[in-house]
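Since the structure comes first, as C-alpha cells, the remarks are kept for the end.
Chain naming here is simple, since letters A, B, ... match the order of the sequence lines and numbering starts at 1 in each.
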Number of protein chains: 2
Amino acid sequence: MGTGRIRIKDIAREAGVSTATVSRVLNNSNKVTHLTRKKVWEAIEKLGYAPNHVARSLRVKRVYSIGLIVPHDIDYLFSFPYFNLFMHHLAMEAKERGYHIIFTTSDGDESVRLHREFAMRKMVDGLVILDVSDNDPRIDVLDEIGFPFVVIGRPEHNRRYLWVDTENEKGAYRAVEYLVQLGHKRIHFVNGPTDLAVSRQRFEGYLKALHRFGLDYDPSLVHNGEFTEKSGYDVTKKILASNKVEAIFYASDTMAIGGMRALKEKGFNPGKDVSVIGFDDIPSASVVNPPLTTVAQPISHVGSWAAKLLINRIEGKEVSSKSLPVKLKVRGSTIGGV
Amino acid sequence: MGTGRIRIKDIAREAGVSTATVSRVLNNSNKVTHLTRKKVWEAIEKLGYAPNHVARSLRVKRVYSIGLIVPHDIDYLFSFPYFNLFMHHLAMEAKERGYHIIFTTSDGDESVRLHREFAMRKMVDGLVILDVSDNDPRIDVLDEIGFPFVVIGRPEHNRRYLWVDTENEKGAYRAVEYLVQLGHKRIHFVNGPTDLAVSRQRFEGYLKALHRFGLDYDPSLVHNGEFTEKSGYDVTKKILASNKVEAIFYASDTMAIGGMRALKEKGFNPGKDVSVIGFDDIPSASVVNPPLTTVAQPISHVGSWAAKLLINRIEGKEVSSKSLPVKLKVRGSTIGGV
DNA sequence: TGGTGTAATGTAATCGATTACATAAGATGA
DNA sequence: TCATCTTATGTAATCGATTACATTACACCA
C-alpha cells in the first residue's frame, strides 16, 4: 500500500529507533540486534518503504549504473551484429552486480561532448565505448578526467586501457585457411573501413593466412567498404565488373549478404560455383539462401565480460583486458558446405 | 582540465557570487544580470565544472530518465521485431526532451518486483511496459503507486491507461484482403499465443476480412504458436501433414521464415505454388529467399511516440494514447509478387 | 526628499539517505 | 564494587545541488 512517500525517518519513528539504525538494517550492517532488525523490517513491510535511490547515490557517491552511448545512424545500428544480444548480456551481468545500464544515442558530432558530460556530471559510474577508432577523442577525454571505461575492440597496440575484444585476426585467418583448404587460390577480401582497428586486424589475419599457405598477396583482391548490406552489394558489383571470382571473404555478414545478392544477379550460385564467407554470425546468416558460412563472434560473452571488467575497475579491483575466441561455422555458401 | 571534483561552491567563490546565483545561471533563470552571467560562465569554463546530476535530481525530485525492463529470454529478444530500432527511437526522442533510458533485463518471475522497485525507489520518472499480457500485474502495481507508465500494445479494452499501439487488426485485415485478391480461398493463419492482445487483435482482423469477402471461417485453419522461427517451422510441418495449403498468413516474420523453411523442405515453392505473408517487416524479411511479403509495423514511430507520451505524462501535460498505421509490403513470397 | 515598487542577489533550509563520532548499556575481570 | 572494554544505538554532519524567503540597491514618481 506504499505510495512511495515514505522516508527513512518514518520507518525510524514507526520502529522506535533512529534513522541510522534503519540504514544499518537496510545495508546489512552486522552491528544490529536481531530484535531491532525484526522491528525495523516490520515497519518497512507495514509502511511499504523502499529507500530513495538518488539520495543514497548522492551520499555514497556511486549511482550503480554504467553508460552506453550509441551512435544513432541507422547503418551502424544494423551493422553491429546482435546489438541487442550484446546489450542484454551487458545488462544481465551488470544486474548481477547491482548495476544497470543507462542508454542514450548520439550523432557523431556530439558523441565526445556526451561522453564527457556523462562522466563529469557523474551520471554513471563508468562507460562502455563502442565502435572505437584510432585516436578516439572519447578515450582522451575520459583518460584526462580519470573516469572508468571499457572499450569494445582494440584500436591501438600502444595504448593502455581496458578492452574486450574478439580474435579478429585469428578469425580472418581461419576463414582464409578454410577457403584454401577448399582449393581456392584467388581469395577476394571485402574489408571494412580502413580507419577501424577491426579492419586492420582482419586484414592482418588475411595476410598471415595467405603467407602461411604460400599464396601471393595481390592488392587488387582487397577492397574496403562499409559494414553494410548496400556496400557489400556495391563492392561486389565492382569486383564482378573487372575480375573473375572464385572465393570472397567479407569482413561482415551484412556485407556478405549484400554481396551474395550481387553475385546471384550476375548469375553466380554461391556455394556451387563461388565460395562466400562472412564474419559475425548475425541472426540472418542462417536464414539467407544459401545459409552463410561465417566466422561467429561470441557477442554475448563480449557483453558480459565488458560489464564484469568495467564494474571491477569501478570497484577498484584487479582487472585485465580480455580477448574472446571466434569460431568458423560452415554452412551452405562455401563450395562443399552444408 | 576539470577533474570533476569542482562543486558549485567553487564556482561561486571564483566568480565572487553566491551559489544561488550560479544555480540561476545554470538553469537560465532570467533574473541574472548579463555581467554576472558572464562572470559565472567564465568561472565555469576556467575550472571545468559540470553540475552533479544526482544532487540536482534529489532536489528537483526528477531523475530525467525513463525505465525499460526487458525480459531476457532469448525468444522474446529476437521475436520483438527491430528491438533496437524501437529502443533507439525511444532514446532519441527522450534525449530531445532531456531524458535518457535506464535499461535492465529481468526473467519472468522477478519482473513485477523489478518494476515496483524502479518506481518506489524513484530510479526513473516513468516506465515503458513491453510485451504486455491480459491482467498484467505490473500495471496493477504501478497504478496502485500512481507511477507514470506507457504500455506498448493494448491488452484490454476496458482498462484506462496510456498506450502506443499499431493497427494490428487492420494489418491482419489487409494481409487477408490481399491474399483474397490473389484468388486464395483457404487461408491458413498461424497466430501467436492466445493470451496476448496482439494475437487477439490480429485474429479479429483475419475474421473481419474473411467475413467481408464472403469466406467461411474454418477453425481448423487457425493455429496458435509462439512468435519464433522454430514455432513457425513446427506449426507449418503440422499443417502440411494434414492439409492442402495454398496460402498462409503468419502473425510474425520470424514465424513466416520458419514456415517457409518447412514449406521448402516439403517441396513447396513460396511465391510460386503457395503464398506466404508475414507481419512486422523485420530486417531479415527482405533478405530471405524469396523476400517476404509482410505487414510492416512502424516500429521507430512506436519508439518515439512512447517516449513523447510518457514524458508528457511525467511532466503533467495532456496526453492521449496513439495507434500507429501499418502498411502491406508486397514482395516475392506471395504468388504474383515481386 | 522620501516612499514605493522592482530587479538582482544572498542566506539558509531542503531533498533523503549514509556514516563519523558520541554515548549508553552490558559484559568482564580484578 | 568499580574500572574497563565491547557492542548497540543515537546525534548530527554530510553528499551537492535548488529554491523559498530575506535583503539590498536602485529607479521612479509625487
Quiz item: How many angstroms lie between CG in A/L90 and OG in A/S300, if you round to the nearest 0.5 Å?
Solution: 12.0 Å

Quiz item: Just checking A/T33: base, sugar-phosphate only, or nothing, at a heavy-atom cut-off of under 4.0 Å?
Solution: sugar-phosphate

Quiz prompt | Presence of B/N52 side-chain N/O under 4.0 Å of D/dC15 phosphate oxygens OP1/OP2 | solution = no

Exercise. When you get a sec, tell me which of D/dA8, D/dT18, C/dT9 is the closest nucleotide to the side chain of B/V32?
Key: C/dT9

Quiz prompt | Interatomic distance, B/I8 CD1 vs C/dT14 C1' [rounded to whole Å] | solution = 14 Å

Quiz item: Counting just side-chain N and O atoms, does A/T36 come under 4.0 Å of either OP1 or OP2 of D/dT9?
Solution: yes

Quiz item: Hey, is the side chain of B/T19 poking within less than 4.0 Å of OP1 or OP2 on D/dT18, counting only N and O atoms?
Solution: no

Quiz item: Has B/R59 got a side-chain N or O lying under 4.0 Å from the OP1 or OP2 atom of C/dT14?
Solution: no

Quiz item: Rounded to the nearest Å, what distance is computed from the CZ atom of residue B/R5 to the P atom of nucleotide D/dT14?
Solution: 16 Å

Quiz item: Over how many whole Å does the gap from A/H53 atom NE2 to C/dT18 atom C1' extend?
Solution: 14 Å

Quiz item: Does OP1 or OP2 of D/dG10 have a side-chain N or O of A/T21 closer than 4.0 Å?
Solution: yes

Quiz item: Side chain of B/R138, backbone of B/V112: donor and acceptor closer than 3.5 Å?
Solution: no

Exercise. Tell whether A/R24 reaches the base of D/dG10 with its side chain through a donor-acceptor pair below 3.5 angstrom.
Key: yes

Quiz prompt | Point-to-point distance, once rounded to the nearest 0.5 Å, from CD1 of A/I311 to CD of A/E96 | solution = 10.0 Å

Practice problem: Looking at every strand, decide which applies to B/V17 at a 4.0 Å heavy-atom threshold: base, sugar-phosphate, or nothing. | Solution: sugar-phosphate

Quiz item: For the pair made of NE2 in A/H34 and P in D/dA8, what is the distance, rounded to whole Å?
Solution: 13 Å

Quiz item: So which nucleotide from C/dA17, D/dG10, D/dA17 ends up closest to the side chain of B/Y49?
Solution: D/dA17

Practice problem: Please report, rounded to the nearest Å, how far the P atom of D/dA8 is from the CG atom of A/N27. | Solution: 17 Å

Quiz prompt | Protein-nucleotide distance (A/L26, atom CG; C/dT18, atom P), rounded to Å | solution = 6 Å

Quiz item: Does B/K308 reach the side chain of B/V150, with side-chain heavy atoms less than 4.5 Å apart?
Solution: no

Quiz item: Rounding to a whole Å, what distance do you find between B/K39:NZ and C/dA8:P?
Solution: 14 Å

Practice problem: Could you grab the distance from atom CG of A/N312 to atom CH2 of A/W305, nearest 0.5 Å is fine? | Solution: 9.0 Å

Self-check item: Between P of C/dA17 and NZ of A/K9, the distance in whole Å
Solution: 10 Å

Practice problem: Please figure out whether B/K61 or B/G16 has its closest DNA chain C nucleotide nearer the 5' end. | Solution: B/G16

